[in-house]
Amino acid sequence: MADFVNIVGMKLVLIRKGTFMMGSPADEVGRSENETLHEVTISHDYYLGMYPVTQHHYEQVMGINPSNFKRPRNPVDSVSWEESVEFCKRLSELPEESKAGRVYRLPTEAEWEYACRAGNQSAFSFGKNLTLLDDYVWYIDNDKDQTHPVGEKKPNAWGLHDMHGNVWEICSDWVGDYPKGAVTDPAGPQEGFYRAIRGGGRGLVAALCRSAFRGGLRPFVSFNNCGFRVALSCL
């Protein structure tokens with residue numbers, strides 16, 4: 001298995017299974033009460049998009065571009081959880097992808113945070129040095145109130161770009177309380193009110209772009225600072 005490019009040109013990165021501490025310690029600046037620190041094991045290798053889904057790739061698959069900040073290499077924005085799930089379904093149904101047995105989906109919160117951290121337990125994947133924010137993150141201090149082309153900021157240690165800032169990224173889970181003990185492959189509660197969104201985005205302060213920060217979005221609602229990134233289970 002290795003990183004690959006799919007039929008529409010999306011780059012996917014192989015994420016190896018492992019165990020990490022999900023959530024944040026009590027002394028992390030900007031911490032919310034719903035970030036209970038707990039051990040999570042990801043028991044499977046999987047793929048994750050190197051970038052958030054771009055407007056170019058979204059339009060290739062869906063035939064439309066709903067984004068507010070229109071530019072082909074910018075992440076698609078103004079999409080709901082329901083629309084992002086439909087994108088994954090249609091991408092999976094493309095003849096070349098279907099023949100290869102690839103079934104795309106949204107990542108779970110746990111898969112998203114594990115990949116975002118890339119082995120780092122600090123508030124940001126690049127470590128504790130906040131003077132590096134501008135090298136990795138599009139946020140309120142540098143984004144000029146708009147999204148930006150993917151890949152212009154440095155990647156994390158596992159080769160993933162834009163995990164912090166630019167656009168929120170929709171996950172598969174309903175938002176719920178974290179468990180207090182160790183878990184394997186958590187997928188969130190069975191039902192809920194909000195779907196999880198992660199990573200922060202345009203117009204937000206750095207604290208809301210931390211690896212552990214959790215946001216929520218009604219499944220049918222969209223915002224112009226919210227997009228998504230695809231995941232793919234290994235065959």
Please report the shortest heavy-atom distance between [X] and [Y], naming the atom on each side.
X	Y	result
Pro75	Ser67	O-OG, 4.3 Å
Ala207	Gly30	CB-CA, 4.1 Å
Val61	Leu91	CG1-N, 3.8 Å
Lys11	Val5	CG-CG2, 3.8 Å
Cys209	Gly200	SG-CA, 4.0 Å
Phe87	His57	CE1-O, 3.7 Å

Report yes if the side chains of [X] and [Y] come closer than 4.5 Å at any heavy-atom pair, otherwise no.
X	Y	result
Gln60	Met10	no
Lys153	Asn142	yes
Ser80	Val221	no
Thr108	Pro186	no
Pro52	Asn166	no

Measure from NZ or CZ of Arg198 to the centre of the six-membered ring of Trp168, then state whether that distance is under 6.0 Å and the direction lies within 45° of the axis.
->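 Because its charged atom misses either the 6.0 Å distance or the 45° angle limit, Arg198 does not stack over Trp168.
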I'd like to know if the side chain of [X] reaches the main chain of [Y], judged simply by a donor and an acceptor atom lying under 3.5 Å from each other, with no hydrogens or angles considered.
X	Y	result
Tyr139	Asp134	no
Arg73	His148	no
Arg195	Ser172	yes
Asp3	Leu14	yes
Asn156	Cys116	yes
His161	Glu152	no
Arg214	Ala196	no

Considering residues, nucleotides and ligands other than Tyr194, do more than 12 of their heavy atoms fall under 6.0 Å from its OH?
-> no
Is the count of non-hydrogen atoms from other residues, nucleotides or ligands lying under 6.0 Å from Lys70 atom NZ greater than 12?
->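 Counting other residues, nucleotides and ligands, NZ of Lys70 exceeds 12 neighbours.
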Honestly curious: do [X] and [Y] fall in one hydrophobic cluster under the side-chain, below-4.5 Å linking rule?
X	Y	value
Trp138	Leu130	no
Phe228	Trp174	no
Val230	Ile64	yes
Phe223	Val76	yes
Val167	Leu217	no

How many angstroms lie between [atom1] in [X] and [atom2] in [Y], if you round to the nearest 0.5 Å?
X	Y	atom1	atom2	result
Lys128	Gln121	NZ	CD	11.0 Å
Glu109	Glu113	CD	CD	8.0 Å
Leu232	Ser92	CG	OG	7.5 Å
Asn74	Thr147	CG	OG1	4.0 Å

Could I get the full list of ring pair (Phe, Tyr, Trp, His ring centres under 6.0 Å) partners for His164, not counting sequence neighbours?
-> Phe124
Stepwise, does the side chain to side chain contact (heavy atoms under 4.5 Å, CB included) test hold for Trp81 with Ile197?
-> CA-CA 9 Å; Trp81 179 89; Ile197 56 176; over 6 Å; no
Report the hydrophobic cluster partners of Met21, with the cluster defined as I, L, V, M, F, W, Y residues connected by side-chain heavy atoms closer than 4.5 angstrom, directly or transitively.
-> Leu37
ILVMFWY cluster membership beyond Met22 - transitive side-chain contacts under 4.5 angstrom = Val13, Ile15, Phe20, Val40, Ile42, Tyr46, Leu48, Met50, Tyr51, Trp112, Tyr114, Val150, Trp158, Leu160, Met163, Tyr178, Val183
Pairs meeting criterion side-chain hydrogen bond (donor to acceptor under 3.5 Å, both in side chains) with involvement of residues 199-212, two or more places apart |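 For residues 199-212: Glu28-Arg210, Glu35-Arg210, Asp145-Arg202, Arg202-Asn224.
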Begin with the C-alpha distance, continue with both residues' side-chain angles, and end with the deciding distance and a verdict on side-chain hydrogen bond (donor to acceptor under 3.5 Å, both in side chains) for Thr41 and Thr19.
-> CA-CA 4 Å; Thr41 295; Thr19 299; 2.9 Å; yes
Go through Ser233 and Arg105 one step at a time and tell me if the side-chain hydrogen bond (donor to acceptor under 3.5 Å, both in side chains) criterion holds.
-> CA-CA 8 Å; Ser233 297; Arg105 57 181 175 81; 3.1 Å; yes
Ion pair check, Asp45 and Arg16, cut-off under 4.0 Å |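 Looking at Arg16 together with Asp45, the answer is yes, because their closest N to O distance falls below 4.0 Å.
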Could you list the donor-acceptor pairs under 3.5 angstrom formed between side-chain atoms of residues 93-101 and any protein atom two or more places apart in sequence or on another chain?
| from | atom 1 | to | atom 2 | distance (Å) |
| --- | --- | --- | --- | --- |
| Glu93 | OE2 | Lys89 | NZ | 3.0 |
| Glu97 | OE1 | Arg102 | NH1 | 3.2 |
| Glu97 | OE1 | Tyr104 | OH | 2.5 |
| Glu97 | OE2 | Ile7 | N | 2.9 |
| Glu97 | OE2 | Arg102 | NH1 | 3.4 |

Do Glu86 and Glu82 pass the side chain to side chain contact (heavy atoms under 4.5 Å, CB included) test, and can you show the C-alpha distance, the side-chain angles, and the key distance before you say yes or no?
-> CA-CA 6 Å; Glu86 181 64 19; Glu82 292 174 346; over 6 Å; no
Sequence neighbours excluded - salt bridge (charged side-chain N to carboxylate O under 4.0 Å, His left out) pairs with any residue from residues 165-190 = Glu169-Arg229
